[in-house]
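Numbers here simply count residues along the sequence, with the first being 1.
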Amino acid sequence: MPKVKRIYIYRDSHLPEIGWLQSCFKCEAITGRYFLFHTFRYKETLYEFYVHTCGTCTRCFKKNPQDYIKFSNTCNKYIKTNYDYLFTGRS
């Protein structure tokens, strides 16, 4: 069974890094909501990326899928920039 590493994505704020309230990755509102965005398997570890999004942004994504596509691209860019080692050796 692989080891699981959970990574939470949120905007910088005055809040402590360890805590269930964080800043929404889209609008920076304080929220305790997050969702599983993507999972990567690298070597013997499963990396789960959770993105903090407030209720307002979540509803916006449901009403306008184009907004979610843009947001998804932003999240993917963030992951590729900050966790580039997950993509080494991939085509």
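Using cut-offs of 30° and 60° for the angle between ring planes, the Phe49 and Tyr47 rings count as parallel.
Tyr83 and Phe35 fall within the same hydrophobic cluster, defined by Ile, Leu, Val, Met, Phe, Trp and Tyr side-chain heavy atoms under 4.5 Å apart, directly or through other members. Tracing side-chain contacts under 4.5 Å through hydrophobic residues (I, L, V, M, F, W, Y), one reaches Val51 starting from Leu86; they form part of the same cluster. A single hydrophobic cluster is seen to contain both Tyr34 and Leu36, as judged by linkage of ILVMFWY side chains at heavy-atom distances under 4.5 Å, directly or through other members.
Looking only at distances, no side-chain donor or acceptor of Gln22 sits under 3.5 Å from a matching main-chain atom of Leu15.
Expressed to the nearest 0.5 Å, how far CZ of Phe71 lies from SG of Cys27 amounts to 9.5 Å. Thr31 contributes atom OG1, which lies 14.0 Å from atom NZ of Lys26 (distance to the nearest 0.5 angstrom).
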With a 3.5 Å cut-off and sequence neighbours excluded, list the donor-acceptor pairs that the side chains of residues 73-82 form with protein atoms.
unit_1	atom_1	unit_2	atom_2	d
Asn73	ND2	Ile69	O	3.4
Thr74	OG1	Lys70	O	3.1
Asn76	ND2	Ser72	O	3.2
Thr81	OG1	Lys77	O	2.8
Asn82	ND2	Tyr78	O	2.9

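Among all heavy-atom pairs drawn from Tyr85 and Tyr42, the shortest one is O-CE1, 3.2 Å. The two atoms that bring Arg41 and Pro2 nearest to each other are NH1-CG, 3.7 Å, heavy atoms only.
The salt bridge (charged side-chain N to carboxylate O under 4.0 Å, His left out) search around Glu28 returns none, not counting sequence neighbours.
Pairs passing the side-chain hydrogen bond (donor to acceptor under 3.5 Å, both in side chains) check and including a residue from residues 3-16, sequence neighbours excluded, read Arg6-Glu48.
Ring centroid separation for the pair Phe40 and His38 comes in under the 6.0 Å cut-off.
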